[in-house]
Chemist: 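The structure under discussion is supplied below as structure tokens; questions concerning it will follow.
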2 protein chains.
Amino acid sequence: MKESTLCPKFEKGMQLLGKRWTGLILYQLLSGPQRFCALEGALPVSGRLLSERLKDLEKEGLVHRQVFTDSAPVRVEYSLTEMGKALTPVLKGIETWSQSWIELNADEMANDSEE
Amino acid sequence: MKESTLCPKFEKGMQLLGKRWTGLILYQLLSGPQRFCALEGALPVSGRLLSERLKDLEKEGLVHRQVFTDSAPVRVEYSLTEMGKALTPVLKGIETWSQSWIELNADEMANDSEE
DNA sequence: GTAACAAAGTTACTTTTCGTTAGTAAGTAT
DNA sequence: ATACTTACTAACGAAAAGTAACTTTGTTAC
């Protein structure tokens, strides 16, 4: 792999956000702490990958994982840390940009209304 | 693949930016139109992937490709379209966020100074 | 008490995408 | 004619993603 002239921090940040599902997971967590199954239900990502991404995000300090042993089945809640919350304007920015510029083609429209 | 409750436009936007190298390529193009080899030199991405990504970005309308047949060896310049330029605040936002929050570990520091 | 169910994963396996190395086509320089 | 440049493309092994089945701990249903 080659070397780049980019700032390594920016490069690492991009590498994080530029991983499949990361952005959507963080966006989903913007609305508040959520359980594993809630995230799994809200996003078209498999449990395997969701688990992997959440582990990464926790390690990088964007997401906090809290286990509740008291309640009935062990409940696990994921929430954004300060670092994660600091991404809010970026995620909202992407949302706005998408609304303004993205167009869906026939396939995508179809995909969205069925199956 | 499951269905999501997300806005399909946002989902598609995220899918675009959440592809490896896309963000860095767009960021690199913020500084003005650039040739294939310039991008290849500036980013740690291989020609194969760069070509693939640029083709995607062109198809999605973020990037414009212009060929100059007049000059010596065929020159190809890539530049941001309006749609691409509209991402400026997002990309800058990620840059700022990275500067503030990302920490590099020993490996990454080492990787950056040699090889 | 045991069969069935749920949450939060993990394992095993297949398909896609990546990364690396070579090679191509058109043109230039020597 | 040979070597060199730009902008790619092809081929192939390696890494990541997708899918389905399984595990663990506890719960409720009968």
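Letters A, B, ... mirror the listed sequences (proteins, then strands); counts begin at 1.
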Chemist: Between atom CD in B:E40 and atom P in C:dT21, what is the gap in whole Å?
Modeler: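 Answer to the nearest Å: 13 Å.
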Chemist: Are side-chain heavy atoms of A:T96 and B:V90 found at a separation under 4.5 Å?
Modeler: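 No, too far: nothing below the 4.5 Å cut-off.
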Chemist: Could you give the CG-to-P distance, from A:L50 to C:dA7, as a whole number of Å?
Modeler: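 My rounded result for the distance is 14 Å.
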Chemist: Any protein N or O atoms within reach of nucleotides 21-23 of chain D? Criterion: under 3.5 Å, listing atom names and distances.
Modeler:
none

Chemist: Under the salt bridge (charged side-chain N to carboxylate O under 4.0 Å, His left out) rule, collect the residues that match up with A:E77, sequence neighbours excluded.
Modeler: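 With sequence neighbours excluded, A:E77 shows a salt bridge (charged side-chain N to carboxylate O under 4.0 Å, His left out) to A:R75, given in chain and number order.
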Chemist: Starting at CG of B:L49 and ending at C1' of C:dT21, how long is that distance when rounded to a whole Å?
Modeler: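 Interatomic distance, CG of B:L49 to C1' of C:dT21: 14 Å.
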Chemist: Closest to the B:R53 side chain: C:dC18, C:dA8, D:dA17?
Modeler: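 Of C:dC18, C:dA8, D:dA17, C:dC18 is nearest to the side chain of B:R53.
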Chemist: Would you say A:Y78 reaches C:dA7's phosphate, i.e. side-chain N/O to OP1/OP2 under 4.0 Å?
Modeler: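 Checking C:dA7 against A:Y78, no side-chain N or O comes under 4.0 Å of OP1 or OP2.
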Chemist: Between B:L54 and B:R65, is any pair of side-chain heavy atoms under 4.5 Å apart?
Modeler: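 Contact flag for B:L54/B:R65 side chains = no.
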Chemist: Take the protein atom CZ of A:R75 and the nucleotide atom P of C:dG9, then report the distance between them rounded to whole Å.
Modeler: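 That distance rounds to 13 Å.
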Chemist: For the pair B:Y78 and B:Q66, evaluate side-chain contact (heavy atoms from CB on, under 4.5 Å) and give the outcome as yes or no after the intermediate values.
Modeler: CA-CA 6 Å; B:Y78 294 90; B:Q66 185 167 16; over 6 Å; no
Chemist: Measuring only between side-chain heavy atoms, which start at C-beta, is A:Q99 closer than 4.5 Å to B:C7?
Modeler: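 A:Q99 vs B:C7: side chains touch.
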Chemist: Could you please name the option among D:dG18, D:dC8, C:dA8 that lies closest to any side-chain atom of B:R65?
Modeler: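 The listed nucleotide nearest to B:R65's side chain is D:dC8.
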Chemist: My understanding is that only residues two or more places apart in sequence, or in another chain, count here; which of them pass salt bridge (charged side-chain N to carboxylate O under 4.0 Å, His left out) with A:K19?
Modeler: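 Expected list: A:D56.
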Chemist: Can you check the B:F68 CZ to D:dA7 C1' distance for me, whole Å?
Modeler: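 One finds 14 Å between C1' of D:dA7 and CZ of B:F68, rounded.
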Chemist: Distance check needed: D:dA7 C1' versus B:Q66 CD, whole Å only.
Modeler: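 That distance rounds to 16 Å.
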Chemist: So, using side chain to side chain contact (heavy atoms under 4.5 Å, CB included) as the criterion, who are the partners of A:K55 when residues are at least two apart?
Modeler: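 A:K55 satisfies side chain to side chain contact (heavy atoms under 4.5 Å, CB included) with A:S51 once adjacent residues are dropped.
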Chemist: Among residues at least two apart in sequence or on other chains, which ones pass side chain to side chain contact (heavy atoms under 4.5 Å, CB included) with B:R48?
Modeler: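 Expected list: B:S46, B:E52.
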Chemist: Measure from the side chain of A:R20, starting at C-beta and using heavy atoms only, and say which of D:dG18, D:dT19, C:dG19 lies closest.
Modeler: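 It is D:dG18.
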Chemist: May I have the distance from B:Q34 (atom CD) to D:dT6 (atom P), rounded to whole angstrom?
Modeler: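 Answer to the nearest Å: 15 Å.
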Chemist: Which of these nucleotides, D:dT6, D:dT19, C:dA8, is closest to any side-chain atom of A:S46?
Modeler: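 Out of D:dT6, D:dT19, C:dA8, the nucleotide with an atom closest to A:S46's side chain is D:dT19.
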Chemist: So which protein N/O to nucleotides 9-12 of chain D N/O distances come out below 3.5 Å?
Modeler:
from	atom 1	to	atom 2	distance (Å)
D:dT9	OP2	B:S51	OG	3.1
D:dT9	OP2	B:K55	NZ	3.1
D:dA11	N6	B:R48	NE	3.4

Chemist: For a 4.5 angstrom cut-off between non-hydrogen side-chain atoms, does B:L24 reach A:E11?
Modeler: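 B:L24 reaches A:E11 side chain to side chain.
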Chemist: Quickly work out the A:E77 CD to C:dA7 P distance and round it to whole Å.
Modeler: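 About 14 Å, once rounded to whole Å.
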Chemist: Is the phosphate of C:dC18 approached by B:W21 (side-chain N or O, under 4.0 Å from OP1 or OP2)?
Modeler: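 It does not, given that no N or O in the side chain of B:W21 lies less than 4.0 Å from OP1 or OP2 of C:dC18.
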